[in-house]
Every structure is written in structure tokens, then in C-alpha cells.
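Just so it is clear: chains get the letters A, B, ... in the order the sequence lines come, proteins before strands, and each one is counted from 1. None of the values given here were measured: they were computed from a predicted structure.
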Amino acid sequence: MSKPRVIYWFRTDLRLHDSPALKAALDLNPEAFYPIWCWDSHYVYRARVGVNRWQFLIDCQNDVSQSITKLNPKSKLFVLREPAVTLLPKLFKKWNITHLVFEKDTDAYAKARDQQVLESAKSAGVQVIIKSGRTLWDSDEIVKANRGQPTMSLTQLQNAGNRLGDIAKPVETPTSWPDPGDMDVDFEHQLPHPHPDFNEEGRNGIDWSFQSGIAGPNGDFSAPTLDELGFPPATTPYKGGESVIMRQLEELLADEEFIGKFEKPKTSPAAFSPQSTCLTSPYLHFGALSCRYFYHKVEEILVRRRKQRKTVSTPPTSLHGQLLFRDMYFGAQAAIGPAFSQTYNNGHCRFIPWHLPSKVDPETRLVTGGYEVDDEEKEQWLHRWTHGMTGFPWIDAIMRQLRLEGWCHHLARHSVACFLTRGGCYISWERGAEVFEELLLDHEVSCNAGNWQWLSCTAFFSQFYRCYSPVAFGKKWDEDGEFIRKYVPELRNFPKKFIYEPHKAPIADQRKAGVRITGNGSQTTQDGVPIYPKPMFDFSERRDICMQGMKDAYKAGMYGNDPKVLDGTWPSAFSDNSEGPTAGNEAGPGGLSSWQEADGSEEVFAEIGLPQNMSKPHGKKRQASQSTLDGSLMKKPGKK
DNA sequence: CGTCCGGTTGGGACA
DNA sequence: GTGTCCCAACCGGAC
């Protein structure tokens with residue numbers, strides 16, 4: 001019998017420590033072992049990925065590659081420039097593969113992709129081993145233990161977890177690494193279709209990461225560079241990689257007071273250099289840090305402190321609580337599926353007639369990626385929020401920190417999310433989720449969608465009268481406005497008295513601080529003088545309007561799968577002057593205020609085999625992150 | 001892990 | 001010692 005020839009397919013598990021899937025692969029004692037990464041067109045073109053997350057991913061890939069090479073100089077992370085669905089069948093054949101091993105993924109897109117890979121493996125006679133390692137418990141098992149229902153509260157998650165038993169102990173880190181086999185990739189290189197490219201706006205050049213052949217420009221299977229992807233240099237100060245976080249974690253764990261007494265609500269959203277929290281989320285996202293490893297390391301400290309009769313914090317506010325919330329969102333997504341990241345046809349998401357609603361396809365019941373501009377003013381508010389030009393310094397500082405660094409504190413996210421949705425703009429949480437998707441290093445589909453639902457009071461949380469003030473909340477943490485001075489530098493020298501409401505400062509104070517408070521954010525200087533915009537609305541006025549709107553929507557009591565939401569008769573449940581596009585008795589499905597049939601652009605994409613829900617967005621380049629498999633592929637003439 | 005407002009409480013200054 | 005005023009700190013309710 002021939003010895004195993006194994007492909008280990010790295011995805012969002014870019015680590016060597018505590019990887020049950022990697023251990024299972026190595027336990028096969030393979031004759032040839034191929035640790036690979038398939039460069040995926042979904043990530044390159046169809047997901048919204050900003051430059052900072054690109055850099056972080058590439059850091060993680062290079063780091064794991066170096067760790068592999070340390071164990072075996074003949075090996076590394078072999079990055080192959082072709083999507084898995086077309087590439088793997090060719091590799092199975094060319095490399096005589098007997099086993100394919102990977103970590104289980106729960107995102108809708110990844111699930112569809114993996115299903116397709118599973119089928120091709122089956123027909124090629126390749127054995128597939130899949131292990132769970134991305135969450136504390138296997139999310140599908142959690143759902144079963146929760147009577148098939150999505151985990152919509154931490155208690156549900158904890159009860160389901162208790163039924164499943166203890167969180168798996170970390171598995172050992174490999175100390176040796178088998179040789180790869182022959183690396184022949186002399187077969188047809190199938191290029192993914194580059195259109196539509198939703199990351200076009202972020203690029204300053206064209207993407208040519210697929211153009212240089214399967215093994216890349218040097219033929220050495222290296223990870224693409226930002227330059228190859230057509231991106232400018234990244235601006236984040238954070239560096240990806242398993243070895244980076246393992247070093248940082250050692251320092252974090254050394255501070256047993258901090259770990260043992262950690263309470264999220266007591267950490268400051270205004271703290272920077274250093275931040276008030278651990279900043280492990282980007283590493284958890286890419287799997288550079290195992291959540292189970294982290295959980296058990298924290299547990300060791302808690303056990304020690306309990307023995308010493310020292311105080312320990314508990315879920316939901318403790319560090320364990322944060323990891324449990326993550327599992328809760330994964331469990332919710334695992335049960336609800338692709339609809340989890342949208343309102344339409346989501347029975348667990350309250351229907352609220354937000355402005356700028358997502359366009360939907362009543363056939364597939366998925367969002368199409370575009371949104372409707374029901375009100376030009378709201379479109380401008382969204383733009384100003386996105387770019388940190390709202391005229392509310394606390395909000396703008398957070399949004400600029402997010403864009404620049406790819407991260408902001410959890411409570412800061414609360415603040416800006418509340419402001420965009422139920423506590424200010426009354427704009428769809430799905431618009432905010434898209435912006436976060438692009439900008440966050442730690443963007444996790446389930447956590448992002450779940451937290452936006454939480455903050456907008458459409459699911460998980462419902463006390464909409466708890467509304468963050470863009471002035472008071474920041475002041476509570478940072479009276480002097482140091483955070484604002486750091487990220488909104490035009491206000492650096494503004495008097496403390498007015499730093500949260502600069503438009504209230506007398507002209508003399510403005511002149512002294514070297515900035516004028518004027519305009520709508522479309523300019524940064526006027527007559528050579530730096531300017532900062534006036535607030536884009538009266539906050540307390542907007543808060544009252546939003547709260548009344550939320551009351552109306554809660555009274556209507558509809559969810560995303562309500563027949564009236566599905567067929568567009570939902571406005572009959574609202575008075576015409578309720579906030580949002582609520583006039584009349586009929587509108588479009590979802591929260592749309594009108595409904596037109598496809599405008600023709602959809603057909604173009606249908607032609608190249610793009611699934612409906614990934615069809616070109618109307619007007620703006622936007623798309624759903626959680627969508628079905630990107631099947632759009634085209635053949636490059638000739639061989640590699 | 002909301003904010004605002006109004007009412008109560010309690011300590012200190014002072015008559 | 002006691003009454004009164006002031007104000008900050010705290011608390012509970014409404015939204």
C-alpha cells in the first residue's frame with residue numbers, strides 16, 4: 001500500500017500551534033506533505049478587503065511559511081495563484097494526492113466552496129479530513145445542542161457548550177515537518193474572472209497577482225505583495241503572524257492582574273499606545289492565534305488566582321466572555337446561513353425601515369450587493385461617517401483610527417455603530433457592516449454582522465433607548481480629548497472646553513487653535529486655513545427622531561422573513577411620516593422604497609456564471625461578503 | 001456595555 | 001447645638 005501523499009490546505013488557520021487539523025494531517029505520517037494556500041478570487045476581487053487587512057494576511061502567511069521552513073528547509077507555505085475549486089482537482093491528479101486536510105469553516109462562502117472541493121475530492125478518490133479549530137466548540141455541534149436554533153444569547157451558547165462538554169485542550173505544536181513531494185504545476189492555469197472587482201477603489205494600480213503563473217513571479221510559490229495586488233503601502237502599525245502574537249501573548253499573560261480582573265466595559269475606548277485591550281482579534285481571525293489555546297492559557301491564570309483567593313472576573317465581561325461571544329456569533333451564523341448577514345429573509349433580525357436599504361433579489365432572497373439611495377442627504381451622511389468627516393470629533397477620530405490602523409476599541413465601535421443606525425443617521429446597519437468589512441483587520445463575517453445587529457437593536461439586543469452620545473460618551477473616558485487630538489490632528493490645539501463640540505468655540509478660539517470650523521467636510525482647507533466641518537446634524541434632534549422610529553418599528557414587530565417584508569407591503573404597518581422610507585402602503589421587498597426589475601447589468605454577470613446574489617451592484621461598487629460561491633472563472637489562453 | 005433630568009441625600013460653611 | 005443654604009454626589013425613572 002502506498003504511503004499517504006497529503007495536501008494540507010491552510011485557510012484562516014495560519015498557525016502551527018494548537019491546530020487539530022494540522023495534527024491530523026501530520027499524524028498520517030505522509031510520504032509527501034504539501035502545505036498550501038490557494039489564492040482565492042473571492043478574496044481578491046469579491047470580498048471587501050482594504051489594504052491593511054491584505055498586509056496583515058500576507059504577514060501571517062509569510063510568518064507561517066518561515067516557521068515551516070525552520071522545521072524543514074525543503075518546505076514552506078506554498079502559495080498557489082489559483083482558486084481552490086479549480087486548482088485542487090488538478091493537484092490531486094498531478095501530485096498523486098491521497099488525502100486532503102483542512103480546518104472547518106463556517107462562513108457561507110467558504111462552506112459553498114468547501115462543498116465543491118469535497119465533491120471533486122470524492123470523485124478523485126481523495127480522502128478528506130476536516131477538523132474544527134476556529135471556535136471553542138464546533139459551531140454545528142453548538143447549533144445541534146441548542147435544538148437546531150441559532151445561539152442568540154450568551155446563556156444559550158453557554159448552555160449548549162455545557163451540553164457538549166469541555167473546550168478541547170490544545171494539541172501539540174509539530175516539531176518536525178515532512179518533505180514536500182515534487183512540485184510540478186505544469187498544467188493549465190485557470191484564471192479567475194477579474195470583474196466585478198469590488199476592491200478597485202482601494203487599488204492604485206491593477207491587480208496582477210494571478211498573471212504571473214501558479215507559482216508567482218519568481219516561481220517560488222511566495223505570497224503576493226501589495227504591489228502585485230495593485231495596492232499602495234499599508235498604513236496599519238499592527239503586524240500579522242503567529243510568532244508576533246505568541247510573543248505578545250507571553251507579555252499579556254505575565255500580567256495576571258490584568259488577565260484575571262479583565263472587564264470589557266472598564267477598558268477605555270479612548271486609550272491608544274497602548275490600547276486598553278489585548279488586540280488579539282486580528283490574530284484570531286486569521287487563525288494565527290488559536291482561540292482554544294488562548295482560552296486555556298487564561299483559564300490557568302484564573303485557576304491560580306482562585307486558589308490564592310484573588311478576585312477573578314466572569315463572563316460576559318471577562319476575557320473568557322469575549323471568546324464566548326465570538327462562539328455565540330459563529331453559532332448564530334451556522335444556523336441561519338447566508339441570511340445572517342442581511343435583514344431580508346432573516347427571521348432572527350428585526351425589520352426596521354432604515355435609510356439606504358440593501359437591494360435584494362426576491363428569487364434567491366439574498367442581497368444583491370447594491371443599495372437604494374432613498375434620500376440624498378442620508379447618502380451624504382454615510383459618506384461623511386465613512387471618512388470621519390461628520391463634524392462630531394469623537395465619531396471622526398474613531399472612524400479615522402479605524403481607516404488608518406485597521407482597528408478600534410470595541411466600545412468605540414459601539415459608539416460609531418449606534419450613531420450610524422438607531423442613534424443618529426437611521427441608516428441600515430448593513431451599510432456600516434460593509435465599511436467595517438473593508439477596514440477591519442479582524443473582520444469576521446459572523447462577529448461583524450452580529451455586532452452590527454446588536455448595536456442597531458435588530459437582534460441580540462433590544463434596549464434602543466440606551467443611546468450613545470457622540471459627546472458625553474467620549475468625555476467620560478477622555479475629558480481632555482487626547483484621543484481626538486491624535487486622530488483628528490486639525491483639532492490638535494483646540495481648547496479642551498470645546499474639543500468635543502468645536503462648532504461652539506468662539507471664532508477667536510478657533511483662530512488661536514489654527515483651524516476654522518466650517519463647511520460640510522468636502523474640503524480640508526479654506527483660503528489656506530485648515531478647516532474642520534460643522535456637525536452634520538443636531539444630535540439631540542436626530543436622537544429623538546430615531547427613537548420614535550425605533551418605537552414605531554418595534555410596534556410593527558416584523559422580522560426580515562415577514563411576508564410583508566418579503567413582498568414589499570411592509571409600509572402599511574407604518575405611518576407615512578415614520579422615520580425611513582415609509583410613505584405609502586407598498587414599496588419594494590426588504591426595506592426598499594421602490595422596486596425596479598433588473599436593469600440589465602445582472603444579465604452580463606449571469607453570462608459569466610456569477611451567482612445572482614453577486615451580480616453587479618447598482619451604482620456603487622458594493623457587495624455582500626456572505627454570498628454563495630464565486631463561480632466566475634475564465635481560461636487563460638495557453639499554459640501557465 | 002446610555003443619557004438626561006429631576007429629586008434626594010449628606011457634608012460643610014456659616015449664622 | 002441647631003437651622004439653613006449650597007452643591008456635589010448619588011440614585012431612579014423616562015426615553
Side-chain angles (χ1 to χ4, degrees), chain A residues 151-158 258 261-271 275-281 313-329 332 350 352 390 392-395 397-398 402 407-426 429 432 436 442 447-479 483 500-501 504 535 537-557 578-579:
Chain A
T151 42
M152 300 304 287
S153 72
L154 204 59
T155 312
Q156 285 179 17
L157 183 273
Q158 285 171 301
F258 174 78
K261 289 161 77 174
F262 184 93
E263 288 179 79
K264 191 61 157 279
K266 290 187 182 167
T267 59
S268 170
Q275 285 74 17
S276 58
T277 53
C278 305
L279 237 141
T280 49
S281 54
S313 54
T314 51
T317 53
S318 64
L319 280 174
H320 278 174
Q322 309 314 303
L323 290 170
L324 292 168
F325 272 125
R326 184 173 173 272
D327 261 47
M328 176 189 81
Y329 289 132
R350 249 172 221 286
I352 291 160
T390 64
F392 294 92
W394 171 250
I395 300 295
I398 295 165
L402 174 60
W407 182 91
C408 62
H409 187 276
H410 187 67
L411 294 185
R413 298 180 198 194
H414 278 209
S415 216
V416 298
C418 178
F419 183 87
L420 184 73
T421 57
R422 67 183 166 85
C425 305
Y426 218 70
W429 63 266
F436 273 30
D442 59 35
C447 299
N448 190 41
N451 276 315
W452 273 96
Q453 288 171 38
W454 181 299
L455 262 301
S456 62
C457 288
T458 53
F460 301 101
F461 184 74
S462 57
Q463 290 172 299
F464 54 77
Y465 45 81
R466 289 192 191 166
C467 179
Y468 289 85
S469 156
V471 175
F473 187 69
K475 267 188 190 166
K476 202 164 67 186
W477 294 100
D478 176 18
E479 218 202 318
F483 180 74
Y500 283 88
E501 295 173 284
K504 289 187 175 169
F537 47 61
D538 179 306
F539 174 71
S540 73
E541 205 174 274
R542 283 300 307 171
R543 184 192 45 211
D544 294 347
I545 292 170
C546 288
M547 234 175 246
Q548 187 55 50
M550 293 299 286
K551 261 189 237 170
D552 294 348
Y554 266 63
K555 201 174 155 203
S578 218
E579 183 62 356

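Every side chain to side chain contact (heavy atoms under 4.5 Å, CB included) that Ser318(A) has, sequence neighbours left out, goes to Ser313(A), Pro315(A), His320(A). Considering only residues two or more places apart in sequence or on other chains, Lys555(A) meets the side chain to side chain donor-acceptor pair (under 3.5 Å) condition with none of them.
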Give me the distances for all protein-to-nucleotides 9-12 of chain C N/O pairs that come in under 3.5 Å?
none

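Between Trp477(A) and Phe483(A), the ring centre distance reaches or exceeds 6.0 Å. In this structure, Tyr329(A) has its ring center closer than 6.0 angstrom to the ring center of Phe460(A).
Arg542(A) and Glu579(A) are joined by a salt bridge, as a carboxylate oxygen and a charged side-chain nitrogen come within less than 4.0 angstrom of each other. One finds no salt bridge joining Arg543(A) and Asp538(A) here, because no Lys/Arg side-chain nitrogen approaches an Asp/Glu carboxylate oxygen to under 4.0 Å.
Atom-to-atom distance recorded for His414(A):NE2 and Phe473(A):CZ is 8.5 Å, nearest 0.5 angstrom. Note that CD of Glu479(A) is 8.5 Å distant from OH of Tyr500(A), once rounded to the nearest 0.5 Å. Rounding to the nearest 0.5 angstrom, the gap separating the NE2 atom in His409(A) from the CG atom in Leu279(A) is 9.5 Å.
For the pair Tyr468(A) and Phe419(A), the minimum side-chain heavy-atom distance is 4.5 Å or more.
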Quiz prompt | Stepwise side chain to side chain donor-acceptor pair (under 3.5 Å) check, Thr277(A) with His410(A) | solution = CA-CA 9 Å; Thr277(A) 53; His410(A) 187 67; over 6 Å; no
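Using a 4.0 Å cutoff on non-hydrogen atoms, no part of residues 415-426 of chain A comes near DNA chain B. Taken residue by residue, residues 454-466 of chain A places heavy atoms nearer than 4.0 Å to DNA chain B at Tyr465(A), Arg466(A).
For the 3.5 Å distance criterion, the side chains of Gln548(A) and Asp552(A) qualify, holding a donor opposite an acceptor.
The distance between atom CG of Asp544(A) and atom P of dC15(C), rounded to the nearest whole Å, is 11 Å.
When DNA chain B is scanned in the 5' to 3' direction for atoms under 4.0 Å from non-hydrogen atoms of chain A, the outermost contacting nucleotides are dC1(B) to dC4(B).
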